[in-house]
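Just below is one structure, and these are the notes that go with it.
Chain A is the first sequence line, chain B the second, and so forth, proteins listed ahead of strands; every chain is numbered from 1.
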2 protein chains.
Amino acid sequence: MNKKENFINKLRSSGLRPTRQRIEICKVLYDRKKTFHFTIDTLSKILRKKSKERISLATIYNTVYAFKNKNYLKEITLNTNKTYFDTNVTSHHHFLDENSNRLIDLKNSDVGKVKIKRKIPGKKIKSIEILVRISD
Amino acid sequence: MNKKENFINKLRSSGLRPTRQRIEICKVLYDRKKTFHFTIDTLSKILRKKSKERISLATIYNTVYAFKNKNYLKEITLNTNKTYFDTNVTSHHHFLDENSNRLIDLKNSDVGKVKIKRKIPGKKIKSIEILVRISD
DNA sequence: ACACTACTTTAGAATCATTATAAAGTAGTT
DNA sequence: AACTACTTTATAATGATTCTAAAGTAGTGT
Ligand SMILES: [Mn+2]
Ligand SMILES: [Mn+2]
Ligand SMILES: [Zn+2]
Ligand SMILES: [Zn+2]
């Protein structure tokens, strides 16, 4: 299993010890083809199902925020009481399906160039992100 | 005082009884020139300062959500633990100043036309909103 | 292999924004 | 004034998140 070694190397080179718990979390987060949008709660449920490790909720919180600080995860802004995270850490746009409350990544090529004409003196633009709400 | 009568009429015609508390809240929210972006907490502090009515926190919550349901307020999505509201209920874009965590409305004319090229089968676009993060 | 230390995990408690409850108060109506 | 549905309020409950401190472990050096 090559991927596990990759996770271990990535963690070590980030100054994070490759613990059993972190490796299991890496598998769930990064061993997949598409972007993963999740809450702590959904991640926790998946871990209970897919991993034989029993990982405490505190560790899941610790790990997710550790990964966020290393820029391996991005926090996402939504109108819910739970915090969302995104394995796609690039600046990108989303569809939000209001029926299922699911996020779908838009590629930059899916969106025409966005032009912001107004400037705020002394301020620089850090990111431009679009949320497109969709429903049936 | 003409504005107070306006608030009373607006409330009554919305099926909301014009109570002392609701009128005080209307004054803080709508008796101003520019869009107001706020949390329950900031609204509560302003009410304590500006109004001699002592309005319970429960009533502030009740009223804000009543106004939101009548489409007199809009809930806003931000990376914080508190819920934000906006007196500008139209679909519009924002600057978010990451230093002060303040929102600034963008006029539609401040933003070039946004083109979403991708379609999701069976889904319709409800709104397109841009968040432009800025900082020093 | 062993000891050492800093990092990590964990159960459980604490925090705090929000929501629910139910009793007292009030607006609108007759 | 009496009536009733709506509203306010103190207070409790909820639930996501954060904190605490004790037990466990990875990496390092011997
Ligand atoms: Mn929220
Ligand atoms: Mn949030
Ligand atoms: Zn995404
Ligand atoms: Zn706004």
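If you measure from atom CD1 of Ile60(B) to atom P of dA17(C), you get 13 Å, rounded to the nearest angstrom. Rounding to whole angstrom units, CG of residue Leu11(A) and C1' of dG27(D) are separated by 14 Å. Put simply, CG on Asn62(B) is 11 Å from C1' on dT18(C), counting in whole angstrom units. Atom CG of Leu47(B) is separated from atom C1' of dT8(D) by 14 Å (rounded to the nearest Å). Distance CZ (Phe85(A)) to P (dT17(D)): 7 Å, rounded to an integer number of Å. Lys68(A) places its NZ atom 12 Å from the P atom of dT17(D), with the value rounded to the nearest Å. Computed from coordinates, the Tyr61(A) OH to dA14(C) P distance equals 18 Å when rounded to whole Å. Nucleotide dC7(C) holds its P atom 11 Å from the CZ atom of Arg22(A), rounded to whole Å.
In terms of position along DNA chain C, the nucleotide closest to Glu53(A) lies nearer the 5' end than the nucleotide closest to the other residue of the pair Arg12(B) and Glu53(A). Positionally, the nearest nucleotide of DNA chain C for Tyr84(B) lies more toward the 5' end than for the other of Tyr84(B) and Arg20(B). Checking Tyr65(A) against Gly15(B), the closest nucleotide of DNA chain D that is more toward the 5' end is the one next to Gly15(B).
In terms of modelled atom types and a separation under 3.5 Å, the side chain of Asn99(A) and the main chain of Asp136(A) share a donor-acceptor contact. Side-chain atoms of Lys50(B) never come within 3.5 Å of backbone atoms of Val28(B) as a donor-acceptor pair (strictly under, hydrogens ignored). Remark: the backbone N or O of Arg17(B) is paired with a side-chain donor or acceptor of Arg22(B) at under 3.5 angstrom. Here the side chain of Tyr30(B) pairs no donor or acceptor atom with the backbone of Phe7(B) at under 3.5 angstrom. Side chain of Ser51(B) to backbone of Glu53(B): a donor-acceptor contact under 3.5 angstrom is found.
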Between the protein and nucleotides 11-15 of chain D, which nitrogen or oxygen pairs are less than 3.5 angstrom apart?
none

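Counting only heavy atoms from C-beta on, Arg17(B) has its side chain closest to dC6(D) among dT9(C), dC6(D), dT19(C). Proximity note for Thr83(B) (side chain, C-beta onward) versus dT18(C), dT8(C), dT25(D): the nearest is dT18(C). Side-chain proximity of Pro18(B) to dT18(C), dT7(D), dG28(C): nearest is dG28(C).
To the nearest 0.5 angstrom, Phe36(B) atom CZ is 13.5 Å from Asn88(B) atom CG. Atom CD1 of Ile104(A) and atom CD1 of Ile120(B) lie 4.0 Å apart (nearest 0.5 Å).
Each of Asp86(A), Leu73(A), Thr83(A) was checked for a side chain to side chain contact (heavy atoms under 4.5 Å, CB included) with Phe38(A), and the lone residue meeting it is Leu73(A).
Taking the centre of each ring, Tyr65(A) and Phe85(A) come in below the 6.0 Å mark.
Residue Thr19(A) has no polar side-chain atom (N or O) positioned under 4.0 Å from OP1 or OP2 of dA26(D). Side-chain N/O atoms of Gln21(B) include one lying less than 4.0 angstrom from OP1 or OP2 on dT9(D).
Among the heavy atoms of the strands lying under 4.0 Å from Thr59(A) is at least one base atom, whether or not backbone atoms are also near.
Overall, the helix from dA1(C)-dT30(D) to dT30(C)-dA1(D) carries an axis bend of 20° between its ends, with five pairs at each end and the value rounded to 10°.
The number of heavy atoms from other shown groups lying within 6.0 Å of NZ (Lys74(A)) is above 12.
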